[in-house]
Amino acid sequence: MTPQFALLGEMSIIHWIIVAGIGILLFGKRLPEVGRSLGKGIIEFKKGLKGLEDETDSGGTAHAARQEPQTLEPPRPPQRVPTTAPKFEDTPGTQQPPTV
């Protein structure tokens with residue numbers, strides 16, 4: 001029995017042309033930008049996988065030996081920030097009595 005939906009391998013050239021046309025209509029001018037970001041994402045993903053493979057091959061000890069201990073600087077106390085809100089002062093000459 002074959003499934004009711006079409007797999008990527010079962011798509012004909014007409015289907016690929018339709019998908020490409022829809023992609024061009026949707027993305028238009030941004031298509032090169034989208035392609036670049038997809039390419040960068042794939043490259044970063046492959047680098048991450050390669051790093052994981054290297055760690056599993058070496059048992060994770062080589063990576064730990066290469067790292068030098070970092071000296072942490074002590075936390076600094078919070079800095080005072082001057083207020084920028086206006087100060088409201090009541091002067092007796094400018095107040096008007098409420099009218100009833």
Side-chain angles (χ1 to χ4, degrees):
M1 268 180 132
T2 60
Q4 297 295 327
F5 57 91
L7 297 174
L8 289 178
E10 297 178 7
M11 290 181 69
S12 68
I13 190 71
I14 301 295
H15 291 114
W16 285 111
I17 291 173
I18 292 172
V19 168
I22 291 172
I24 290 172
L25 287 174
L26 289 177
F27 295 109
K29 294 179 182 179
R30 294 185 338 164
L31 198 55
E33 188 178 310
V34 169
R36 261 186 245 113
S37 62
L38 272 173
K40 287 180 183 179
I42 291 170
I43 289 171
E44 290 296 319
F45 181 74
K46 286 183 179 180
K47 284 181 184 177
L49 284 179
K50 181 151 177 64
L52 286 176
E53 289 174 358
D54 290 345
E55 284 183 11
T56 56
D57 290 343
S58 63
T61 57
H63 183 65
R66 279 186 277 149
Q67 285 185 347
E68 297 177 7
Q70 296 178 353
T71 57
L72 298 175
E73 67 178 56
R76 290 184 268 169
Q79 303 294 319
R80 293 183 183 246
V81 179
T83 58
T84 58
K87 295 181 179 178
F88 297 102
E89 297 178 7
D90 293 333
T91 56
T94 60
Q95 284 186 342
Q96 296 179 355
T99 57
V100 182

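Hydrogens, waters and symmetry mates play no part in the numbers below; they use all other heavy atoms, side chains included.
- Under a hydrophobic-cluster definition in which Ile, Leu, Val, Met, Phe, Trp and Tyr are linked whenever side-chain heavy atoms come within less than 4.5 Å, directly or via other members, Ile18 and Ile13 are assigned to the same cluster.
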For residues 20-34, which side-chain donor-acceptor pairs fall under 3.5 Å, sequence neighbours excluded?
none

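- For Lys50, the side chain to side chain contact (heavy atoms under 4.5 Å, CB included) partners at least two apart in sequence or on another chain are Asp54.
- Within the hydrophobic cluster formed by Ile, Leu, Val, Met, Phe, Trp and Tyr side chains joined at under 4.5 Å, directly or through other members, Ile42 stands alone, with no partner residue.
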